[in-house]
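Following: one structure in structure tokens, then a few remarks.
No hydrogens, no waters, no symmetry mates; every other heavy atom, side chains included, goes into these values. Letters A, B, ... mirror the listed sequences (proteins, then strands); counts begin at 1.
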Number of protein chains: 2
Amino acid sequence: MTHYSRGVETQHAILNSALELFSKNGYDATSVAEICTMANVSKGAFYHHFPSKQDLFLALMRTWLSDVDNLFQSAGEETATIPEVIENLAAIAGGIFDALEGGFPILLEFWTQANRQPEVWRRAVEPYQQFLGFFTELVQTGMEEGSFKEDIDPEVAARVLTSVAMGLLLQATFEPKGTDWQAVTRSGIGLLLAGMRKI
Amino acid sequence: MTHYSRGVETQHAILNSALELFSKNGYDATSVAEICTMANVSKGAFYHHFPSKQDLFLALMRTWLSDVDNLFQSAGEETATIPEVIENLAAIAGGIFDALEGGFPILLEFWTQANRQPEVWRRAVEPYQQFLGFFTELVQTGMEEGSFKEDIDPEVAARVLTSVAMGLLLQATFEPKGTDWQAVTRSGIGLLLAGMRKI
DNA sequence: TTATAAATACCGACCAGTCGGTCTGTTTTT
DNA sequence: AAAAACAGACCGACTGGTCGGTATTTATAA
């Protein structure tokens, strides 16, 4: 039985409160005092665990990114034709809409902050580049195995694929209700794949 | 010859400075004092022309939205098959990348603010809904004229089309250089259209 | 087990500075 | 003379972060 540590618990309380407040009001409009109040923690405790408000934000981002990464890792396991793999990924991406319910506003906040703070930018863009490269390679392989047309630029296709994901995520952020985003994602990617498939 | 008015000029100075600062640093991180300094205007002058910082932001958004709207109006003029119209629109959307050079960060700011302030949300989502409806109708017409497959859901297709646009815009915001976004947009939409076309 | 020392976690008053916005008065245009 | 435009000192509320002190947990030794 592992000891339960006080410190770890307050850290989680702070992280959870921060996630909620940053999502709702944004980074700048959320004060450290607010976070502390919601987490039932004193300011001293806050600065004992996090060097700065910035650092808290980065910690939050790290967690989120690794969560998403884990979700995607589970897709490349079964071997199949590339279009099937992409369809799998689309289904998983669609699942994110449910799994991270209400977690999109924070993504918007990540993007906003990434656009101003080089440190945030670096940490956000790096996984994105990796993601893009992964997709590019996927399309490339699909062309080699004869699933896709020969005149496709793999990088363009990869960018468009991620665009669909990002764009739908953004739309879902503003209209969370009334649309089955999982289904839209699936058939949207399906549409794109139809355009890429060799007839 | 119309009189040149002092007031109008300071208004423009304020708007321009605000656009630049909001884009670079975000709404919250930009102070009214900063805007005034950059615009060579006193705080008194600022609050003479704008009731509040909020109101300045809304004015900025109104201008931006109408600019974009004007850009798009010029696309539905020639009569052609629907796929051609969409290709036209893609070319124009691609042109926005050049026309509004560096104007994307402010778009990100619009989205962020829309997610917290109902007033901003209302004013931003309304044109977006209109835009979406326009696209849905376009796809519908394309199906009726026999250009598109029959099993397509027009609304889904419209959402995916806008997603591609939004997603590419977002990607372009983070990597302004090194990629010909106009070309990527064109061929990206082309890929999607290929998937929608009746064979 | 118990006494004690060291380390960790926590508290909240406090600081210097910034914020959006107001207000009184002056200058410029009509 | 009246109205519109502008200047900038000023205000209270609030900010991220600090700091001296206290409580709690853990390690050590008797």
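For the pairing with I86(A), the side-chain contact (heavy atoms from CB on, under 4.5 Å) check across T81(A), L192(A), I189(A) returns one residue only, I189(A).
One can place CD of E9(A) at 20 Å from P of dT8(C), the figure rounded to the nearest angstrom. Rounding to whole angstrom units, OH of residue Y47(A) and P of dG21(D) are separated by 22 Å. Atoms OH (Y27(A)) and P (dG16(D)) sit 8 Å apart, rounded to a whole Å. As rounded to whole Å, 13 Å separates atom C1' of dC11(C) from atom CG of N40(A). Taking atom CG of N25(B) as the reference point, atom P of dC19(C) lies 11 Å away to the nearest angstrom. Rounded to an integer number of Å, the gap from F50(A) CZ to dG16(D) C1' is 16 Å. Rounding to whole angstrom units, CZ of residue F57(B) and C1' of dC19(C) are separated by 18 Å. Taking atom NZ of K43(B) as the reference point, atom C1' of dT22(C) lies 10 Å away to the nearest angstrom.
Distances shown here put a side-chain N or O of H49(B) below 4.0 Å from the OP1 or OP2 atom of dC6(D). Distances shorter than 4.0 Å separate none of the side-chain N or O atoms of H48(A) from OP1 or OP2 on dC10(C). Not one side-chain nitrogen or oxygen of S5(B) sits closer than 4.0 Å to the OP1 or OP2 atom of dT29(C). Within the 4.0 Å cut-off from OP1 or OP2 of dG20(C), not a single side-chain nitrogen or oxygen of S52(B) is found.
A donor-acceptor contact under 3.5 angstrom links the side chains of E175(B) and Q129(A), judged on distance only.
Here dC10(C) is the nucleotide among dC10(C), dC6(D), dG16(D) with the atom lying nearest to any side-chain atom of A45(A). Of the candidate nucleotides dA9(C), dG16(D), dA5(D), dG16(D) has the atom lying nearest to any side-chain atom of V32(A). Nearest nucleotide to the side chain of S42(B), out of dA5(D), dA13(C), dA7(D): dA7(D). Across dA5(D), dC19(C), dT24(D), the shortest atom-to-atom separation from the side chain of S31(B) is found for dC19(C).
Judged by atom type and distance alone, K53(A) does not reach the base of dG17(D) through any side-chain donor-acceptor pair under 3.5 Å.
Between Y27(A) and F57(A), the ring planes lie perpendicular to each other; the angle is over 60°, past the 30° to 60° tilted range.
In this structure, the side chains of L107(A) and W64(A) come closer than 4.5 Å at one or more pairs of heavy atoms. Side-chain contact between V139(B) and M196(B): present, with at least one pair of heavy atoms (C-beta onward) separated by less than 4.5 Å.
Ranked by how close their nearest DNA chain D nucleotide is to the 5' end, A29(A) and P51(A) are led by A29(A). Take the nearest nucleotide of DNA chain D for F46(A) and for V41(B): the residue whose nucleotide is more 5' is V41(B). Residue-to-nucleotide proximity on DNA chain C shows that, of D28(B) and G44(A), the 5′-proximal contact is made by G44(A).
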